[in-house]
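So you know, we letter chains A, B, ... as the sequences are listed, proteins then strands, and number each from 1. Note that this is a predicted model, so its numbers are computed, not measured.
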There are 2 protein chains.
Amino acid sequence: MNTLAEENYLKAIYHLSLSDANVSTNQIAAALNTKAASVTDMLKKLADKELINYEKYQGVTLTAVGKKIALQIIRKHRLWEYFLVEKLNFKWDEVHEMAEEMEHISSVELIDRLDKFMDYPKHDPHGDPIPDRDGNFKKHELKPIASLAVNEGGIISGVRDHSATFLQYLEKQQLTIGKKITVTEIIDYDHSMILQVEQTTTHISREVAKNLLIVI
Amino acid sequence: MNTLAEENYLKAIYHLSLSDANVSTNQIAAALNTKAASVTDMLKKLADKELINYEKYQGVTLTAVGKKIALQIIRKHRLWEYFLVEKLNFKWDEVHEMAEEMEHISSVELIDRLDKFMDYPKHDPHGDPIPDRDGNFKKHELKPIASLAVNEGGIISGVRDHSATFLQYLEKQQLTIGKKITVTEIIDYDHSMILQVEQTTTHISREVAKNLLIVI
DNA sequence: ATTTATTTTTAGACAAGTCTAAATTTTTTA
DNA sequence: TAAAAAATTTAGACTTGTCTAAAAATAAAT
């Protein structure tokens with residue numbers, strides 16, 4: 001199998017390649033809190049194992065095999081997050097670090113049984129889709145609240161920022177997954193938005209509106 | 001915290017020190033499938049961290065701190081084994097390897113919540129006691145069936161050999177935790193024993209009788 | 001009580017993964 | 001399009017944990 005470091009690189013490359021097809025050395029270094037020189041060393045090893053396509057100075061993409069491994073790790077991460085929240089009653093801002101460790105437990109049988117135990121959840125506590133055992137998942141169309149006009153709305157279904165502070169803020173404002181929201185006003189000056197959230201009214205900054213995702 | 005290797009050494013030393021107060025380099029090497037030279041290196045590191053008492057050529061004992069860490073790891077191992085068997089329906093001979101990985105998940109809060117989720121089990125699927133969060137557990141008096149005389153008996157409550165092949169054999173013979181057994185005959189020639197196990201009669205070798213433990 | 005055998009430690013080496021500093025390539029900008 | 005800036009790679013070093021081979025210490029045996 002692959003080492004812990006290799007798994008973390010593949011996962012980071014996968015996530016980064018969602019926004020940029022070609023992932024750069026510096027992007028990876030930033031994501032993994034390491035130095036560009038270290039990344040270059042590892043990229044060579046991953047290329048030798050044919051898990052990434054790598055040309056010096058040109059950035060990387062995952063091979064089919066590399067992508068599959070990355071998706072298995074993400075599957076494990078998200079299933080464990082679901083377990084921690086739904087079975088052990090952790091809050092959604094508390095589970096990331098633990099899942100970072102748990103995603104490296106190797107047994108496939110274990111994760112399939114965990115999936116069954118929880119009745120095959122489709123999304124983790126932050127709304128991110130959980131790939132099935134073959135790495136497939138359907139990405140529903142998420143858009144940031146910031147992209148809405150007045151009187152438009154939808155169901156809160158995901159976040160772009162997964163930091164604990166952002167999640168805690170949302171929790172406090174009751175802006176959690178599943179809530180129905182409608183934009184009632186957009187302030188010209190700073191593009192902040194006033195939302196109708198079920199019974200109540202909330203005022204959010206553009207920063208927040210950009211990081212909170214809905215499905216229409 | 002401690003590295004994975006350090007944790008495995010502490011755990012191995014703990015287990016070995018149950019039979020020998022002073023644990024030798026070679027015993028540790030055998031337990032961890034490594035070489036004596038590697039063990040010596042690690043013993044120096046653990047001694048520097050004051051997790052073991054180590055005098056060259058004299059073997060080692062755990063310090064109070066080292067023992068506490070070892071017991072936390074064993075607590076985690078056994079709770080995860082219980083989870084795998086009771087919640088995910090694995091068989092008792094399938095869980096050891098998975099728990100070997102899971103025992104290194106660091107969060108104490110996680111393991112305490114897992115403990116609560118399962119309603120504070122006292123024993124793992126093999127009958128071994130699960131230490132509480134402070135490392136305490138009461139060891140009930142287990143004795144091998146081999147030590148019994150005719151007409152004596154008890155409740156199967158543990159195993160000395162944790163290998164999958166032994167556990168599978170016991171499963172097939174219905175010699176599982178909780179079963180009440182009585183010795184009906186001991187064969188002089190090979191010290192094998194005939195047992196009454198609930199409704200049925202089973203013949204076991206001395207080898208098996210030495211590795212199957214009961215409480216009277 | 002020496003010699004022999006066993007156990008343990010030391011010395012030196014290696015792989016994985018990381019780092020800093022310097023060199024090289026690519027990109028940007030004037 | 002040449003010079004400056006930014007990004008990337010190379011070179012060499014360090015740590016952790018492991019190994020083999022040789023040396024040293026302890027235990028066993030004649």
Side-chain angles (χ1 to χ4, degrees), chain A residues 1-17 19-62 66 69-70 73 100-101 103-104 106, chain B residues 1-17 19-62 66 69-70 73 100-101 103-104 106:
Chain A
M1 246 293 115
N2 305 289
T3 67
L4 200 151
E6 286 169 345
E7 291 194 349
N8 286 333
Y9 272 85
L10 292 175
K11 184 170 55 115
I13 294 166
Y14 177 85
H15 285 310
L16 292 168
S17 62
S19 11
D20 299 81
N22 255 49
V23 179
S24 76
T25 301
N26 268 357
Q27 281 180 300
I28 299 168
L32 294 176
N33 238 297
T34 183
K35 297 298 153 72
S38 311
V39 174
T40 300
D41 288 344
M42 182 59 90
L43 294 183
K44 287 181 197 162
K45 290 175 199 166
L46 293 173
D48 283 349
K49 290 184 150 196
E50 300 191 31
L51 300 175
I52 61 170
N53 305 112
Y54 172 52
E55 295 286 339
K56 269 203 220 178
Y57 296 101
Q58 301 314 130
V60 300
T61 58
L62 291 173
I69 294 169
I73 299 162
E100 286 287 297
E101 292 183 57
E103 71 190 6
H104 301 289
S106 60
Chain B
M1 247 289 117
N2 305 289
T3 67
L4 200 150
E6 286 170 345
E7 290 195 350
N8 286 333
Y9 273 86
L10 292 175
K11 184 168 56 116
I13 294 166
Y14 177 85
H15 285 310
L16 291 167
S17 63
S19 11
D20 298 83
N22 256 48
V23 180
S24 75
T25 301
N26 267 357
Q27 282 179 300
I28 298 168
L32 294 176
N33 239 294
T34 183
K35 296 299 154 72
S38 310
V39 174
T40 300
D41 289 344
M42 182 59 90
L43 294 183
K44 287 181 197 162
K45 290 175 198 165
L46 293 173
D48 283 350
K49 291 185 149 194
E50 301 191 32
L51 300 175
I52 61 171
N53 305 114
Y54 171 52
E55 295 287 336
K56 270 202 220 177
Y57 296 101
Q58 300 315 129
V60 299
T61 59
L62 291 173
I69 294 171
I73 300 162
E100 286 287 296
E101 293 183 57
E103 71 190 6
H104 301 290
S106 58

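Between A:Ala29 and A:Ala36, the shortest heavy-atom distance links the atoms CB-N, 3.8 Å. In terms of heavy-atom proximity, A:Ala31 sits nearest to A:Leu16 at CB-CD1, 4.2 Å.
Side-chain N/O atoms of A:Tyr9 include none lying less than 4.0 angstrom from OP1 or OP2 on C:dA16. Look at B:Lys56 and you won't find any side-chain N or O under 4.0 angstrom from OP1 or OP2 of D:dA24. When the side-chain nitrogen and oxygen atoms of B:Asn26 are compared with OP1 and OP2 of C:dT8, one or more of them lie within a distance under 4.0 Å. The phosphate of C:dT9 has OP1 or OP2 within less than 4.0 Å of a side-chain N or O from B:Tyr54.
A:Gln58 places its CD atom 18 Å from the P atom of C:dT24, with the value rounded to the nearest Å.
Within residues 29-48 of chain A, the residues that have a heavy atom under 4.0 Å from DNA chain D are, in order of number, A:Ala36, A:Ala37, A:Thr40, A:Lys44.
A:Thr40 has its side chain within reach of A:Tyr54: a pair of non-hydrogen atoms, C-beta onward, lies under 4.5 Å apart.
For the side-chain contact (heavy atoms from CB on, under 4.5 Å) criterion with A:Val23, the lone passing option out of A:Ile52, A:Leu43, A:Val60, A:Leu62 is A:Val60.
In this structure, B:Glu6 does not pair ionically with B:Lys11, as no charged nitrogen and carboxylate oxygen lie closer than 4.0 Å.
Surrounding CD of B:Glu50 are at most 12 heavy atoms belonging to other residues, nucleotides or ligands under 6.0 Å away.
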